[in-house]
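Quick notes on the structure that follows.
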Number of protein chains: 2
Amino acid sequence: MSAVSCTAAVGRPRAFDMQTALEKALDVFWTKGYDGASLSDLTSAMGINKPSLYSAFGNKEQLFLKAIEFYETRPCGFFKPALAQSTAYKVAEFMLLGAAQTMSDPSHPQGCVMVQGALACSEAAAGVKEVLIKRRQQSESDLRDRFELAKAQGDLSSDEDTEALSRYLCTVVNGIAIQASSGASEAQLVDVANMALKSFPRNS
Amino acid sequence: MSAVSCTAAVGRPRAFDMQTALEKALDVFWTKGYDGASLSDLTSAMGINKPSLYSAFGNKEQLFLKAIEFYETRPCGFFKPALAQSTAYKVAEFMLLGAAQTMSDPSHPQGCVMVQGALACSEAAAGVKEVLIKRRQQSESDLRDRFELAKAQGDLSSDEDTEALSRYLCTVVNGIAIQASSGASEAQLVDVANMALKSFPRNS
DNA sequence: AGGGTTATATACTCTTTAGTACAATACAAC
DNA sequence: GTTGTATTGTACTAAAGAGTATATAACCCT
């Protein structure tokens, strides 16, 4: 009954790997969205039965939240590496090209689960929709903070509107997500990314 | 049994207006998406019972298709007016600003039903998802055709890649749809539109 | 006024949905 | 080996899903 998920080796051991199961669940939500993903879809993709799912992850909503948490922190993400670039322009470049490449990558579902996981949805999904909106807004303000830093460091002109800049970038990234989920190729999305970059101020 | 929907005044007259009912249905699909919109949601919004819905519109899928058909052709759309602008740049400007205004308009659901109606969805919605993708791609190629015309008319340089240009614009418009459906204001979206316009070639 | 025709409301069908009860099972600790 | 604990598989529940049968009501035409 402890709140922390302790790995005490007591009782029958779990027969599946939670991390792999979570990845499978993520793929289902990514492809079908929260409303479109049924528990049957989830359990059959995860290779487990419903009681195992419920005991390990809570319920459908909590499973979704854990899945997108994993999505955000897994190594192949492009967002955090983008923020770590050395100049504002390089941040924007890394972000747009990273989005173009990652979202069309055929080794996982196309697009972005943070966008298509719950965009227009039932009341049952209203909670997760709000969470996704908040996360996207958080990304936007993280990006703005990075550009404020760039101003302080002198690689972004001080009269730039960092909020508008970050919103513009996130808008294009979201648009790229739509295109990718509609079947656009990496090459096509890289073109879009490069065209979007033309609007971005460079101080060279 | 005739295939054409003739308005023969025979039998009991319909007690509701099909057009208004269709608009109500559109609002539901727009807000909840295809998967998230239940028949109860639809019938209660339309103010009719299920048999009326089925006799008037076929089934859920056909109702959705008729709803988006109405969506595309209703007067408040911005796409066709954009194509009618006199120069390539004005087309782009009208398109982006029109998207920013229309999609944040509080007089109807925010965002774009062609995007959020069925983005990631169940197998039951796979058909309508494909239709939406095709419609969006059609818009993209209509825009490209318009830019090809602009080349011929001399208001767009002949070495521009019209396909990349139209894809870029549609990507930003789709991104604006996401932002609007997440609660962005018109002013914020107009900023995005103007920033996106900076990438667009002007021959002035 | 009566017959033909179509829409309406109620009540139903069958399937699928999310979530759970329970008995059997597999391990650690003693 | 027995006990305690936690997971597993099967079978279940109650609600909601899409779609329909049927009887009644409202209209036009003759």
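Since the structure is predicted, the reported quantities are computational estimates derived from the model, not experimental observations. Quick note on labels: first sequence line is chain A, next is B, and so on, each numbered from 1.
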Should [X] be listed as having a side-chain N or O under 4.0 Å from OP1 or OP2 of [N]?
X	N	answer
B:Lys50	D:dG19	no
A:Ser38	C:dT17	yes
A:Ser40	C:dT16	no
A:Ser52	D:dT7	no
A:Asn49	D:dT8	no

Report the distance from atom [atom1] of [X] to atom [atom2] of [N], rounded to the nearest whole Å.
X	N	atom1	atom2	value
B:Leu63	D:dA18	CG	C1'	13 Å
B:Lys32	D:dA16	NZ	C1'	13 Å
B:Phe57	C:dA7	CZ	C1'	13 Å
A:Asp35	D:dA18	CG	C1'	16 Å
B:Glu123	D:dA18	CD	P	16 Å
B:Met46	C:dA9	CE	P	13 Å
A:Tyr54	C:dA21	OH	C1'	14 Å
A:Phe16	D:dT7	CZ	P	9 Å

Which is more 5' along DNA chain D, the nucleotide nearest B:Leu39 or the one nearest A:Leu53? Just name the residue.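 Closest to the 5' end, via its nearest nucleotide, is A:Leu53.
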Presence of salt bridge, A:Lys32 and B:Glu123, under 4.0 angstrom: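 Salt bridge: yes.
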Aromatic contact, B:Phe147 with B:Phe200 (centres under 6.0 Å):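 Here the rings of B:Phe200 and B:Phe147 have centres that are less than 6.0 Å from each other.
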For a quick check, tell me whether the side chain of A:Arg12 and the base of D:dT7 share a donor-acceptor pair closer than 3.5 Å.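 Yes, the side chain and the base share a sub-3.5 Å donor-acceptor pair.
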Does the side chain of B:Ser38 pick up a donor-acceptor pair with the side chain of B:Asp41 at under 3.5 Å?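 Yes.
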Could you tell me if A:Lys60 sits above the aromatic ring of A:Tyr34, with its cationic atom closer than 6.0 Å to the ring centre and no more than 45 degrees from the axis?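 Cation-pi check for A:Lys60 and A:Tyr34: passes.
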Within the 4.0 Å heavy-atom criterion, would you say A:Pro51 contacts the bases, only the backbone, or no part of the nucleic acid?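 It contacts base atoms.
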Minimum-distance nucleotide to [X] side chain [options: [options]]:
X	options	answer
B:Ser55	D:dT8, C:dA9, C:dA7	C:dA7
A:Pro13	D:dA18, C:dT8, C:dA26	C:dA26
B:Lys60	C:dG19, D:dA18, D:dT7	D:dA18

NZ of A:Lys90: more than 12 outside heavy atoms within 6.0 angstrom?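 Result for NZ/A:Lys90: open.
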